[in-house]
**Student:** 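Structure incoming, see below.
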Number of protein chains: 2
Amino acid sequence: MSDLLERLRGRGWRMTAQRRVVAEVLDGDHVHLTADEVHARAVARLPEISRATVYNTLGEMVSLGEVVEVSTDRRAKRYDPNAHRPHHHLVCGHCGAIRDVHPSGNPLADLPDTERFGFTVSDVEVTYRGVCPNCVATA
Amino acid sequence: MSDLLERLRGRGWRMTAQRRVVAEVLDGDHVHLTADEVHARAVARLPEISRATVYNTLGEMVSLGEVVEVSTDRRAKRYDPNAHRPHHHLVCGHCGAIRDVHPSGNPLADLPDTERFGFTVSDVEVTYRGVCPNCVATA
DNA sequence: TAGTTGACTTAGACAATGTCTAATGTAGGA
DNA sequence: TCCTACATTAGACATTGTCTAAGTCAACTA
């Protein structure tokens with residue numbers, strides 16, 4: 001994730017211990033933590049980090065396009081560091097597990113002009129729902 | 001929306017003034033109110049209706065499959081009475097306006113087996129984002 | 001029509017998530 | 001090293017949603 005830190009520094013970010021820790025916590029694939037989970041893990045490494053800072057830092061990363069907000073359930077927002085490879089999400093309705101997926105096709109092209117109501121459509125978000133292998137097995 | 005009321009009665013619902021009012025408020029096309037908005041409009045017709053009843057009633061309508069929950073922004077859930085015609089949503093990122101849309105194609109079929117991670121995939125939710133004609137004009 | 005009963009409604013406390021502010025601290029340039 | 005604008009902090013506050021205990025009433029029965 002030093003990639004991310006480098007990019008942020010390049011954008012004029014002042015580098016602080018707090019921001020470094022938040023960036024480190026978000027490292028990895030299929031990572032989709034809530035702000036609270038990020039905070040909990042950040043506290044483990046830097047006990048005095050505050051909730052407000054985690055929220056601020058996540059918000060800034062989102063504005064810079066380095067992290068994407070995901071709302072798969074209707075609870076807390078989740079933060080996905082995999083912002084530079086466009087993808088969608090597959091969610092287990094039972095345990096909440098989330099995987100990044102890459103459907104074929106282009107859903108944007110599937111929206112006919114007659115269904116655009118004059119909107120300028122720029123983006124599309126697809127959420128697949130189902131049950132993961134674990135939950136199927138234990139059910 | 002007496003359709004809805006009839007269906008609910010048919011399912012053994014006790015018919016009360018509160019439930020009638022909630023059903024009436026949800027009547028129409030492209031209706032996507034938050035629970036609070038439903039409550040506000042319900043209060044206009046039946047001043048003593050409580051927040052809890054609105055939440056309960058909406059929750060019950062959702063369980064019965066008569067109303068669909070939509071989360072287009074990350075604020076409150078919205079309630080869509082158009083549950084019997086499957087559709088997706090187009091959202092204005094500026095003013096929050098929401099339209100029901102019917103894309104061609106089947107996004108479910110666009111998810112290859114290799115991208116399913118062993119999940120049993122049963123549903124897909126597509127949210128288009130853009131700017132509505134009004135907001136384009138006034139921007 | 002009146003009585004009965006369990007489903008329905010209510011107010012308000014509580015919970016979860018997120019935002020804001022004023023005071024304090026500090027990274028990085030001069 | 002010092003300075004200053006930017007960053008952090010604690011905690012109050014806001015929004016959205018859930019729960020509970022007590023009271024109310026729709027619809028069935030007779």
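Residue numbers start from 1 in every chain, and the chains themselves are labelled A, B, ... in the order their sequence lines are given, proteins ahead of strands.
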**Student:** Under 4.0 Å: is that the gap between some side-chain N or O of B/Q18 and OP1 or OP2 of C/dT10?
**Tutor:**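 Result: yes.
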
**Student:** Only counting residues at least two apart or in another chain, list the ones meeting ring-ring contact (aromatic ring centres under 6.0 Å, His included) with B/Y55.
**Tutor:**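 Counting only residues at least two positions away or on another chain, B/Y55 forms no ring-ring contact (aromatic ring centres under 6.0 Å, His included).
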
**Student:** Where along nucleotides 14-25 of chain C does protein come under 4.0 Å, by heavy atom, of base (B) or sugar-phosphate alone (S), with - for untouched nucleotides?
**Tutor:** --SSBBB-----

**Student:** NE2 of A/H39 versus P of D/dA10: gap in Å, rounded?
**Tutor:**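 So the two atoms are 8 Å apart, to the nearest Å.
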
**Student:** Indicate whether any N or O donor in one side chain lies under 3.5 Å from an N or O acceptor in the other, for B/N82 and B/H30.
**Tutor:**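 Judged by distance alone, the side chains do not pair up.
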
**Student:** Mind checking A/T16 for me? I need base, sugar-phosphate or nothing, with any heavy atom below 4.0 Å counting as a touch.
**Tutor:**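 Since only primed, P, OP1 and OP2 atoms lie under 4.0 Å of A/T16, the category is sugar-phosphate.
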
**Student:** Applying a 4.0 Å non-hydrogen cut-off, can you work out what A/T53 is touching in the nucleic acid: base, sugar-phosphate, or nothing?
**Tutor:**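 It contacts base atoms.
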
**Student:** What is the separation between atom CE on A/M15 and atom P on C/dG29, rounded to the nearest whole Å?
**Tutor:**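 After rounding, the gap between these two atoms is 12 Å.
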
**Student:** B/H102: what forms a ring-ring contact (aromatic ring centres under 6.0 Å, His included) with it, not counting sequence neighbours?
**Tutor:**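 Not a single residue meets the ring-ring contact (aromatic ring centres under 6.0 Å, His included) criterion with B/H102.
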
**Student:** Using whole Å, report how far CZ of B/R19 lies from C1' of D/dA26.
**Tutor:**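 So the CZ-C1' distance, B/R19 to D/dA26, works out to 10 Å.
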
**Student:** Could you give the CG-to-P distance, from A/L46 to D/dT9, as a whole number of Å?
**Tutor:**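 That distance rounds to 7 Å.
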
**Student:** Listed by chain and number, what are the ring-ring contact (aromatic ring centres under 6.0 Å, His included) partners of B/H32, not counting sequence neighbours?
**Tutor:**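 ring-ring contact (aromatic ring centres under 6.0 Å, His included) check on B/H32 returns B/H89.
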
**Student:** Output the rounded distance in Å from CD (A/E48) to C1' (D/dA7).
**Tutor:**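 Taking CD of A/E48 and C1' of D/dA7, I get 13 Å after rounding.
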
**Student:** Please state how far atom CG in B/L8 lies from atom P in D/dA26, giving the value in whole angstrom units.
**Tutor:**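 Checked: the CG to P distance equals 17 Å.
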
**Student:** CZ of B/R20 versus P of D/dC25: gap in Å, rounded?
**Tutor:**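 Value for this atom pair: 14 Å.
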
**Student:** Taking only residues two or more places apart in sequence or in another chain, which ones pass ring-ring contact (aromatic ring centres under 6.0 Å, His included) with A/H84?
**Tutor:**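 Here no residue qualifies.
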
**Student:** Other than B/Y128, what residues sit in its cluster of Ile, Leu, Val, Met, Phe, Trp and Tyr side chains whose heavy atoms are under 4.5 Å apart, directly or through others?
**Tutor:**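 The other cluster members (ILVMFWY side chains, heavy atoms under 4.5 Å, direct or chained) are A/L90, A/V101, A/L108, A/L111, A/F117, A/F119, A/V121, A/V124, A/V126, A/Y128, B/L90, B/V101, B/L108, B/L111, B/F117, B/F119, B/V121, B/V124, B/V126.
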
